[in-house]
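Encoded as structure tokens, the structure appears first; notes follow it.
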Amino acid sequence: MEDRYAPAVIEPKWQKYWEENGTFVAKRTAGKPKAYVLDMFPYPSGDGLHVGHPEGYTATDIVARHKRMLGYDVLHPMGWDAFGLPAEQHAIKTGTHPRATTAKNIDNFRRQLKSLGFSYDWSREVDTTDAKYVRWTQWIFLELFKKGLAFQQSDMPVNWCPALGTVLANDEIVDGKSEVGGFPVERLKIRQWSLRITQYADALLDGLEGLDWPETKVKQANWIGRSEGANIDFAIDGHDAILTVFTTRVDTLAGATYVVLAPEHALVDRIVTADRKAEVAAYVAQAAAKSDIDRSDMTREKTGAFTGAFAKNPINGESIPIWIGDYVIATYGSGAVMAVPAHDERDHAFAKKYALPIVAVVDTAKGETPDVSAAAFTDDGLASAAAKARSTCPIEVGEPSDKVRARITAWLVEQKRGAGKVTYKLRDWVFSRQRYWGEPIPIYFPVECKGDPREKGAEYTVRYDQPIAVDDAELPLRLPDLEDFKPGTDPAGPLARAVDWRFFQKDGAWFARETNTMPQWAGSCWYYLRFLDPHNEAAAWSKEAYDAWMPVDLYVGGAEHAVLHLLYARFWHKVLKDLGHVSDAEPFTKLVHQGLILGEDSAKMSKSLGNVVNPDSVVKSHGADSLRMYEMFMGPLEAVKPWQTTNIEGVARFLDRVWNVATGKITDDPAAYDIETKRAVHKCVKKVGEDIEGLRFNTAISAMMILVKQLGQLASTTGVPREAIRSLVLVLAPFAPHLAEEAWERLGGKTTLAYEPWPAFDPALVVDSEIEIGVQVNGKARASIRIAADADEATAKAAALADDKVKSFVGDKPIKKVIYVKGRIVNIIV
RNA sequence: GCCGAAGUGGCGGAAUGGCAGACGCAGCGGAUUCAAAAUCCGCCGAGGCAACCCCUCGUGAGGGUUCGAGUCCCUCCUUCGGCACCA
């Protein structure tokens, strides 16, 4: 046969057609429903597309194409999250400007995505490194700055590696040395820009409630880590200073037998007694030398040092020792805890080690006194007699913990010794990087100097305490071109070396630009908004464009972005809402994470394991439609699943069969479109439509396979009814668009099928009039009978009892009961 | 340790509380062919039975609810993902 299925011919043909005809340019028509279907845009790495990318992208493409056929206006855009470390590192190694590397990688990614036939509106493509995009990222930053949500802090200790000239993330450090090169790392407090995300902690937590998101919601809630408790003030013997601790277990206050401060706590130096000074100083020094990772190793034995000072437990006036210990986190709560060893595991371990008293104040829920000599009793329970005896606040013995908490908190408020307090794990977001390849932060500072600060050896002081926003008219603030991208010995970053860019004169005074850049998250925080109106030069987006498309109806991307990207983007969106720039509280209505695709060996795909599958080679060997089909047929979208090359053959064979049926013997004889065939077609149409809605693409494909098998049998006899094959081609179109377009054309289609109405199904045709149902005897399946689908119980019972096999199992035993579920089962109990 | 998801044939996976294993891969047998590839058709959980029929067992383990459980409840085991001294 000459006319074989040839993806290598028809795929480029239709990609060209779509491009030339602007088939997927998004247009909004008043009165029509809309769908904003969004992928997480990729970082265009030098390695090109990975098979994991087309998984999510095919899923959204199917949804987008389906929605168009259902008459929706669809916005389905794509772009590039193109700032980032790899291009910069490549620049350091080779001297190639990151802009050049990025442009090349983007071209490759675009080519690859186009070869897969995704129905993106390419006229809306955005690139986060494009000055026209950066201009608006900087604008949003200034909106945050003007609202007081972007601020500088200098007390954030970071991991600074002088040899590498850069700040390292915690996981880039091994045994206190840099992972690369093994150079020493210092804990250094560097001036950083931060965003006040903590101010939105409650809004971000509460906003999760109405979202159609997976378990990601739980992760974000854990990350925000809201916990309700109280701040309690402890007076310090012989000092004016007050020591505040945060606790969620106010009810155990009477059992607090000592207090522990973080080694970094500001009071440590003031309260330490002379005889303890040396020991405490040594302890503080060794704690400071440890990285965050070492500090948080839970298996480590707890250590500490006694300060010599005592605090007064406000509930009973007892003097209890003040210790320092690095198991207390300086940056959480107030950096100090009251230790209740009887009811907290960590305090218990510490008390055991340093022989501190353990006093139980909570009985079990059954009213028994727990044995706390070996382990802490950490559950809620009932106030014990000891609790009452040790407390000036009136407590009833046997009162449940939550009641006791409320009572003591109220008492503390009354005594002005504390108050209810909500604390979060979420920290403010460190928003500056000492890198080149990122958005310049559009801020400058006055410079105090004699003469020109650009001169070698010039002495100057940058007044970082007086940040000034770059004027809107001067945006975008572009990156200077550098020859040398290496980070230097200056924690200010490589931009500090571009002195002609950094320093400028205005009205006779010198100023210095901020030399830190934004983190990679910045561009991805708002790209979904730029897609609405990508060519707008007067604003980041217009209100009309916003109202036309937002919010995002479906957002698909990897679970690795469950917390950071998705939380940061929600944060910006909420700020923009408060500033009146957007009108929805939440940007992403429905979120789905595609599952990881593993290598053929069920291990994570990686270059070192040599199990990486390249989409280009699959397109070459089997075609884009087969790749798309296979990735959807592998299993549920959200599941982690291994790649199996032989399984592509299965879907490729299926597409081949579709081709043969669609280009084979077709009949327009109405008699050939018999009821059986019609039923099969309508069932398939129904199932595929419903499965796309539910993102169950694997079972949708299975339904199409069943239909094709049935139609294939007609091909060699009467011929396939044209209407049947047209319906099949339409439901297949979102999955295998190239093949579908080609078949559609050959079946008489005059134009693209992209906007052809989705076929309707007749509900009467999708239910069989006569069906086979199971018959159970005593709950065990014994036979099956054919009866009318709507048969009543008496009929079904009679039919079941008439069956020979049923008879043999029932025998002459009396029938106690018959259960009949219409269309499902008959169960005879004897 | 805590939070979340998941455990079903040789493999990927289907199953509103109602005949477990749809669909596909691999395998086996057949048709076609000079032959092969491709294609088409059939078989394909385990055990028992000379054999068809048929019977027994079977969805990580153990208990429970139910006429009926892969599905719901309890306990446990394993794998994966996340968080991890957050008071």
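Note: hydrogens, waters and symmetry copies are ignored here, and every other heavy atom, side chains too, is used. Each chain gets a letter, A, B and so on, in the order the sequences are listed, and its residues count up from 1.
For the pair M705(A) CE and A14(B) C1', the computed distance is 13 Å after rounding to whole Å. A straight line from CG of L426(A) to C1' of G82(B) spans 16 Å, rounded to a whole angstrom. One atom, NZ of K641(A), and another, P of G81(B), lie 15 Å apart when rounded to the nearest Å. A straight line from CG of D804(A) to P of C54(B) spans 12 Å, rounded to a whole angstrom. If you measure from atom CD of Q220(A) to atom P of C83(B), you get 13 Å, rounded to the nearest angstrom. As a whole-Å value, the separation of H343(A) NE2 from C85(B) P is 23 Å. To the nearest angstrom, P of C80(B) lies 20 Å from NE2 of H593(A). Atom P of nucleotide G13(B) and atom CG of L637(A) are separated by 13 Å, given to the nearest angstrom.
Residue-to-nucleotide contacts include no donor-acceptor pair under 3.5 Å from the side chain of N647(A) to the base of C25(B). Between the side chain of E215(A) and the base of G81(B), no donor-acceptor pair of N or O atoms lies under 3.5 Å.
When the nucleotides C85(B), G12(B), A15(B) are ranked by their closest atom to the side chain of P642(A), G12(B) comes out on top. Distances from the side chain of V821(A) to the nucleotides C55(B), G18(B), C83(B) place G18(B) closest. Comparing atom distances between the R4(A) side chain and each of G13(B), A38(B), A14(B) picks out A38(B) as nearest. The nucleotide whose nearest atom lies closest to any side-chain atom of V337(A) is, among A87(B), C19(B), A22(B), A87(B). With A14(B), U56(B), C67(B) as the candidates, the nucleotide lying closest to the side chain of T699(A) is A14(B). The side chain of I329(A) sits closest to A87(B) out of C19(B), A87(B), C57(B). Checking A20(B), C67(B), G24(B) against every side-chain atom of F633(A), the shortest atom distance belongs to G24(B).
With a 6.0 Å radius and a threshold of 12 heavy atoms from other residues, nucleotides or ligands, K604(A) has its NZ atom at or below the threshold. At most 12 non-hydrogen atoms from other residues, nucleotides or ligands lie less than 6.0 angstrom from NZ of K797(A). For E770(A), the CD atom sits in a packed shell: over 12 heavy atoms of surrounding residues, nucleotides or ligands are nearer than 6.0 Å.
Side-chain N/O atoms of K219(A) include none lying less than 4.0 angstrom from OP1 or OP2 on C3(B). OP1 or OP2 of A26(B) sits under 4.0 Å from a side-chain N or O of R653(A). An OP1 or OP2 oxygen of G68(B) is reached within less than 4.0 angstrom by no side-chain nitrogen or oxygen of R824(A). Contact between the side-chain N/O atoms of R657(A) and the OP1/OP2 oxygens of C40(B) is found at a separation under 4.0 Å. At the phosphate of G13(B), neither OP1 nor OP2 sits under 4.0 Å from any side-chain N or O atom of S702(A). Side-chain nitrogen and oxygen atoms of N698(A) include none within less than 4.0 Å of the OP1 or OP2 phosphate oxygen of G12(B).
If you check every strand for non-hydrogen atoms under 4.0 Å, I819(A) touches a base. Using a 4.0 Å heavy-atom distance criterion, F246(A) is classed as a sugar-phosphate-only contact. Nucleic acid contact class of F350(A) (heavy atoms, under 4.0 Å, all strands): none. Among the protein residues, P214(A) comes within range of no part of the nucleic acid, since none of its heavy atoms lies under 4.0 Å from any strand. Within the nucleic acid shown, G774(A) comes within 4.0 Å of at least one base atom, counting heavy atoms only. Among the protein residues, R427(A) comes within range of the nucleic acid bases, having at least one heavy atom under 4.0 Å from a base atom. Nucleic acid contact class of S784(A) (heavy atoms, under 4.0 Å, all strands): base. Residue contacts for S227(A): at a heavy-atom cut-off of 4.0 Å it reaches the sugar-phosphate backbone alone, with no base atom in range. Among the heavy atoms of the strands, none lies under 4.0 Å from E560(A).
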Side chain to side chain donor-acceptor pair (under 3.5 Å) between T663(A) and D3(A), intermediate numbers included: CA-CA 8 Å; T663(A) 61; D3(A) 195 22; 4.8 Å; no
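Comparing A69(B) with C2(B), their P atoms sit 32 Å apart, to the nearest whole Å. Look at the P atom in both A6(B) and C73(B): the space between them is 12 Å, to the nearest Å. When the C1' atom is compared between A31(B) and G81(B), the two are found 50 Å apart, to the nearest whole Å. With both ends at atom P, the span from G29(B) to C80(B) equals 39 Å, rounded to whole Å. Rounded to whole Å, the separation between the C1' atoms of A26(B) and C19(B) comes to 27 Å. G21(B) sits 16 Å from C55(B) when the P atoms are compared, rounded to a whole Å. G24(B) and G9(B) are spaced 14 Å apart, taking the C1' atom of each and rounding to whole Å. Of the P atoms belonging to C49(B) and A37(B), the separation is 37 Å, rounded to the nearest Å.
Between the CD atom of Q594(A) and the OG1 atom of T58(A) there is a distance of 10.0 Å, given to the nearest 0.5 Å. Atom-to-atom distance recorded for E631(A):CD and S626(A):OG is 11.5 Å, nearest 0.5 angstrom.
Where K604(A) and K805(A) each meet RNA chain B at their nearest nucleotide, the meeting point lying more 5' is that of K805(A). Nearest-nucleotide assignment on RNA chain B puts the 5′-proximal partner with N827(A), out of A559(A) and N827(A).
Cation-pi geometry between K302(A) and Y327(A) is met: under 6.0 angstrom from the ring centre, within 45 degrees of the axis.
Salt bridge status for D380(A) with R249(A): present, with a side-chain N to carboxylate O gap under 4.0 Å.
Contact of the P341(A) side chain with the Y258(A) side chain is registered, since non-hydrogen atoms from C-beta on lie closer than 4.5 Å.
A donor-acceptor pair shorter than 3.5 Å can be found between the side chains of T303(A) and Y283(A). In this model, no donor atom of one side chain and acceptor atom of the other lie less than 3.5 Å apart for N231(A) and T244(A).
Counting only Watson-Crick and G-U wobble pairs whose two key distances fall under 3.5 Å, RNA chain B forms stems of three or more stacked pairs at B:1-7 with B:77-83, B:10-12 with B:23-25, B:27-31 with B:39-43, B:45-48 with B:54-57, B:60-64 with B:72-76.
Nucleotide G9(B) carries a syn base; the chi torsion (O4'-C1'-N9-C4 or O4'-C1'-N1-C2) is within 90° of 0.
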